[in-house]
Protein chains: 2
Amino acid sequence: MRPPTAWPSAGTIGAVGLDDIHEQVGTLLSRDGQRYTTERRRLVEALARSDRPVTVESLRDADPPIPMSSAYRNLSVLERVGVVERVRTTDDRARFELSEQLTDHHHHHLVCTGCGVVEDFTVPEAIERSLDRRLAEVAAERGFEVTGHRLDLVGTCAACR
Amino acid sequence: MRPPTAWPSAGTIGAVGLDDIHEQVGTLLSRDGQRYTTERRRLVEALARSDRPVTVESLRDADPPIPMSSAYRNLSVLERVGVVERVRTTDDRARFELSEQLTDHHHHHLVCTGCGVVEDFTVPEAIERSLDRRLAEVAAERGFEVTGHRLDLVGTCAACR
DNA sequence: ATTTATGCAAATCGTTTGCAAACCT
DNA sequence: AGGTTTGCAAACGATTTGCATAAAT
């Protein structure tokens, strides 16, 4: 694992290093008896290249295009082994991003209710900590096993105002 | 508006008063040229009776049942006028709850990734405030117009562990 | 050679919509 | 009556899956 610093939000290439990511993905996949194929590599690179969660549609329109059924199937596998996370917000299409486990980049989402676009942002450590403390309490009260939290800032982006 | 205290999470009946809610809903609907019909009244009561967001499926299975197409259509209207909020989490079905505007109950959601169930919880005022302050900053930086925030605690509920 | 992944087309499933009947004012 | 709401059935759109072909080990 790499230092848990705040990343410049500009994709993961350069910040963590693609080779590094590919290596981890390979490990996570093989641990589940899955192969790290060319197609999956391309998916991971597309996700790493983006500074925000991407839609499957945008992958289909990539160059070269990634067929939607393949994208969905591979994203499911990658999600299961912990490489990607599926982001559901207000609109009906899901978006995908590399998991925080993989990028060491804990962040949150800014969601536009107009066009559905999702951007990343972070909050100061101190706030995260007090939040986590309270969240742990709530979980304990309810007998929940916590796997994480999600914080979305909902609003209208500059383009949609 | 009623005092912005933390509510006991046990539905809204008794806490705010159904009559009170119906009155506000009537106002919000008429403001949009909509009627407050028997069917819509039943929907609002079903939502008020629940202490968590409900699925449309559960409304269909209510007694008497609310046909899904009617539920969807009315929930859309109620959402548009600000009476209900649509909650999207990890599973593919949407859930609905009375809007915070209506209940004066700002709360968050605890989401089980196993069965999809969604429960309510609150965090202390102080945490909300520092969060809001940071969120306002982020919004300002990006030119977003903020309409609210969402905080989900994600995990596995007692029944699914 | 054998097992696994790919990608087209068909199937699913939650949600939306057309339309005729029921309802409200 | 005149316009709105209801609810069945059909339509939609995002996602999943069957299956024959291609790729990987």
Side-chain angles (χ1 to χ4, degrees), chain A residues 22 25-46 53-81 83-97 115-118, chain B residues 22 25-26 28-46 53-81 83-96 115-118:
Chain A
H22 282 314
V25 173
T27 305
L28 289 167
L29 280 170
S30 68
R31 186 179 297 172
D32 193 60
Q34 296 281 344
R35 297 175 183 166
Y36 197 11
T37 63
T38 312
E39 191 65 12
R40 290 174 181 174
R41 223 168 259 274
R42 289 184 50 221
L43 263 180
V44 168
E45 302 207 349
V54 304
T55 61
V56 172
E57 195 183 9
S58 76
L59 294 168
R60 177 200 59 193
D61 298 340
D63 179 41
I66 302 178
M68 297 184 83
S69 71
S70 298
Y72 276 118
R73 191 143 28 195
N74 284 322
L75 286 168
S76 293
V77 172
L78 293 170
E79 184 184 24
R80 179 156 42 77
V81 304
V83 170
V84 316
E85 280 165 31
R86 188 180 298 238
V87 179
R88 305 286 236 145
T89 58
T90 46
D91 62 353
D92 34 19
R93 58 190 86 250
R95 286 152 204 270
F96 296 84
E97 63 185 356
C115 60
V117 72
V118 179
Chain B
H22 281 315
V25 174
L28 289 166
L29 281 170
S30 68
R31 186 179 297 172
D32 193 61
Q34 297 282 341
R35 297 177 184 165
Y36 197 10
T37 62
T38 313
E39 192 65 11
R40 290 175 182 173
R41 224 167 259 273
R42 288 183 51 220
L43 263 180
V44 168
E45 302 209 346
V54 304
T55 60
V56 172
E57 195 183 10
S58 76
L59 293 168
R60 177 199 59 193
D61 298 339
D63 179 40
I66 302 179
M68 298 183 83
S69 72
S70 299
Y72 277 117
R73 190 141 32 191
N74 285 322
L75 287 167
S76 294
V77 172
L78 292 170
E79 185 183 25
R80 177 155 45 76
V81 303
V83 169
V84 316
E85 280 165 31
R86 189 179 299 236
V87 179
R88 305 285 239 150
T89 58
T90 46
D91 63 354
D92 35 19
R93 58 189 87 252
R95 286 152 206 269
F96 296 84
C115 61
V117 72
V118 179

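Letters A, B, ... are given to chains in the order of the sequence lines, protein chains preceding strands, and every chain is numbered from 1.
Between the CE atom of B:Met68 and the P atom of C:dG14 there is a distance of 7 Å, rounded to whole Å. Rounded to whole Å, atom P of D:dG13 lies 12 Å from atom CD of A:Glu57. When rounded to the nearest whole Å, the span between CZ of B:Arg93 and P of C:dT12 equals 17 Å. Look at CZ on B:Arg41: it is 14 Å from P on D:dT5, rounded to the nearest Å. Nucleotide C:dC13 holds its P atom 13 Å from the CZ atom of B:Arg60, rounded to whole Å. D:dT5 atom C1' lies 14 Å from atom CG of B:Leu75, rounded to whole Å. Between B:Arg42 atom CZ and D:dT5 atom P the separation is 17 Å, expressed in whole Å. C:dT16 atom C1' lies 16 Å from atom CG of A:Asp91, rounded to whole Å.
Among the heavy atoms of the strands lying under 4.0 Å from B:Arg86 are primed sugar atoms or P, OP1, OP2 only; no base atom is included.
In this structure, B:Glu45 does not pair ionically with B:Arg42, as no charged nitrogen and carboxylate oxygen lie closer than 4.0 Å.
Looking at heavy atoms from C-beta onward, B:Val44 lies in side-chain contact with B:His22 at the 4.5 angstrom threshold. Between A:Leu59 and A:Leu75 the shortest side-chain heavy-atom distance falls below 4.5 Å. Looking only at side-chain heavy atoms (C-beta outward), B:Glu39 and B:Pro67 come within less than 4.5 Å of each other. With contacts defined as side-chain heavy-atom distances shorter than 4.5 Å, the pair A:Val77/A:Arg40 qualifies.
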Scan nucleotides 3-11 of chain C nucleotide by nucleotide, 5' to 3', and note B when protein non-hydrogen atoms come under 4.0 Å of the base, S if they reach only the sugar-phosphate, - if neither.
BBSSBBB--
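Listed by chain and number, the residues in a side chain to side chain contact (heavy atoms under 4.5 Å, CB included) with A:Ala62 amount to none (sequence neighbours excluded).
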